[in-house]
Peer 1: 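First, the structure itself, so that you have it in front of you.
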Amino acid sequence: MQTRTLGDVQVGAIGLGGMPMSIEGRPDDERSVAAVHAALDAGVTLIDTADAYHRDAHEVGHNESLIARAVAGYGGDTSDVLIATKGGHLRPGDGSWTLDGSPEYLKKACDASLGRLGVEAIGLYQFHRPDPKVPYAESVGAIRDLLDAGKIRLAGISNANPDQIRQANEILGGRLVSVQNQFSPAFRSSEPELELCAELGIAFLPWSPLGGISQARELGSRFAVFADVARERGVSPQQVCLAWILAKAPVTIPIPGSSRPETIRDSAAAASLNLSPEELSRLNAAQSFVLGGGERRDRPRRTRTSPPPAPHPPPGRLST
């Protein structure tokens, strides 16, 4: 797999998001471990997790432990695998998500993640989401302290706006290596953050690049232009989507969530799919959707709002 730069390391151009393996609707651990191994076989070397990727209140860090166990049990060389985790988001166990961006909590969360991952220093540690109750500078300051203490090798932020990216990079003394924001055909509002990362040479890690756990399978029905290009190329719409994101800038490293070996293999293949300028123009210019009666119409790109879902999922790809 082609590689891209993240800080001072090279990682596969397509990463793996671990969240579907641990939250509501998760599969058994055996299938998830098989998915991680399939990703590693395909050349994926960036695996994204978080302490909040769990279902029940008593199992904080479920996904971190699962990923660590899967990587440790892989038969091949894993010395180049970078496990990225996050702190600052919490799940009480009732299905909700809460925030704690206090320096005290972030440092405690990092120590707990170190234990679950079984490492002396976390490869990439990211502040998960701004907490309106805590000044942003204080939260990022905690990440700086962890970096200075050697508990993390690389520092990143997630769900940040351009001002926060600049502020975080300044607080970290120019050592901000990644920004993880939502970005997909259905959510293009992070274009300014992507462009800023490209300008600063900071890796941009789109989360939910295929539209999210519940929508990834339906991408080709919701966005007909992606299905059209996929049909012409003989690949899945999901591959086209990831290749489109890769073409946005050399700093993009999509991290599609997966818990099936077949879906992460399909996603990883996008690293070898080079879209033509004409195809990229079509994908950038329009979104398509299927109306209830089966009629398909193209419309100009919109941000923040998604087209209505198709009545039936497209063939060719299982869900995450």
Side-chain angles (χ1 to χ4, degrees), residues 1-7 9-17 39 42-46 48 162 165 177-212 215-216 219-220 222-258 263-288 298-304 306-307 314 316-317:
M1 183 186 291
Q2 64 168 286
T3 61
R4 295 205 161 178
T5 301
L6 201 165
V9 300
Q10 296 291 308
V11 297
I14 299 291
L16 169 65
V44 171
T45 56
L46 172 63
D48 181 78
I165 293 172
V177 303
S178 66
V179 174
Q180 184 179 145
N181 276 20
Q182 183 177 10
F183 187 83
S184 70
F187 191 96
R188 304 195 192 185
S189 299
S190 287
E191 288 270 10
E193 290 82 5
L194 191 162
E195 292 170 1
L196 178 59
C197 285
E199 175 187 332
L200 299 176
I202 295 170
F204 184 81
L205 314 180
W207 61 265
S208 289
L210 302 177
Q215 300 292 340
L219 187 147
R222 300 177 67 219
F223 301 92
V225 65
F226 286 84
D228 292 343
V229 173
R231 189 161 43 250
E232 294 160 7
R233 286 298 198 101
V235 299
S236 71
Q238 291 79 12
Q239 275 192 46
V240 171
C241 177
L242 295 172
W244 166 71
I245 292 175
L246 286 172
K248 284 284 181 182
V251 299
T252 59
I253 308 171
I255 47 172
S258 179
T263 56
I264 190 55
R265 290 191 196 103
D266 184 74
S267 292
S272 300
L273 180 61
N274 295 313
L275 299 172
S276 70
E278 186 273 336
E279 289 169 328
L280 291 171
S281 178
R282 290 165 58 192
L283 296 170
N284 285 328
Q287 295 181 18
S288 303
D298 291 338
R299 65 179 178 184
R301 177 173 59 86
R302 298 195 308 179
T303 57
R304 295 197 182 274
S306 304
R317 169 123 175 191

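Just so you know, these numbers use all the heavy atoms, side chains as well, and skip hydrogens, waters and symmetry mates. Remember, predicted model here, so these are calculated numbers, not experimental data.
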Peer 1: Can you tell me how far the CG atom of Leu6 sits from the CG atom of Leu46, to the nearest 0.5 Å?
Peer 2: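 Leu6 CG to Leu46 CG: 6.0 Å, rounded to 0.5 Å.
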
Peer 1: Taking atom types as modelled, find out whether Ser184 and Ser208 have a side-chain donor-acceptor pair closer than 3.5 angstrom.
Peer 2: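 No.
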
Peer 1: Atom CD in Gln180, atom SG in Cys197: separation rounded to 0.5 Å?
Peer 2: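 It is 11.5 Å, given to the nearest 0.5 Å.
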
Peer 1: So which heavy atom on Arg4 is nearest to which on Ala13, and how close?
Peer 2: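 Between these two residues, the closest heavy atoms are CG-CB, 4.0 Å.
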
Peer 1: With sequence neighbours excluded, tell me which residues meet side chain to side chain donor-acceptor pair (under 3.5 Å) with Thr5.
Peer 2: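 Once residues adjacent in sequence are excluded, the partners of Thr5 under the side chain to side chain donor-acceptor pair (under 3.5 Å) criterion are Gln10.
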
Peer 1: Output the distance between atom CD1 (Ile264) and atom CD1 (Ile14), rounded to the nearest 0.5 Å.
Peer 2: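 Here the interatomic distance stands at 8.0 Å.
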
Peer 1: So, the side chain of Gln2 versus the backbone of Ala271: is there a donor-acceptor pair under 3.5 Å, distance only?
Peer 2: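 Side chain of Gln2 to backbone of Ala271, a donor-acceptor pair under 3.5 Å: yes, one is there.
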
Peer 1: When rounded to the nearest 0.5 angstrom, what is the spacing between CD in Gln239 and CG in Leu210?
Peer 2: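 The CG atom of Leu210 is 10.5 Å from CD of Gln239, to the nearest 0.5 Å.
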
Peer 1: Rounded at 0.5 Å granularity, tell me how far CD in Glu278 sits from CG in Leu283.
Peer 2: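 Between atom CD of Glu278 and atom CG of Leu283 there are 9.0 Å.
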
Peer 1: Using modelled atom types and a 3.5 Å cut-off, is there a donor and acceptor pairing between side-chain atoms of Glu279 and backbone atoms of Ser276?
Peer 2: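 Judged by distance alone, yes, a pair lies under 3.5 Å.
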
Peer 1: Would you tell me whether Asp266 and Gln238 have side-chain atoms, one donor and one acceptor, within less than 3.5 Å of each other?
Peer 2: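 No, because no side-chain N or O of Asp266 sits under 3.5 Å from a partner of the opposite role on Gln238.
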
Peer 1: Which value, rounded to the nearest 0.5 Å, describes the distance between Ile253 atom CD1 and Leu205 atom CG?
Peer 2: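 Reported value, rounded in 0.5 Å steps: 5.5 Å.
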
Peer 1: Which word best sums up how the rings of Phe204 and Phe183 line up, parallel for under 30°, tilted for 30 to 60°, or perpendicular for over 60°?
Peer 2: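 It falls in the perpendicular class, over 60°.
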
Peer 1: Please identify each residue that fulfils salt bridge (Lys or Arg N to Asp or Glu O under 4.0 Å) with Glu199, with sequence neighbours left out.
Peer 2: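 If we apply the salt bridge (Lys or Arg N to Asp or Glu O under 4.0 Å) test to Glu199, skipping adjacent residues, there are no hits.
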
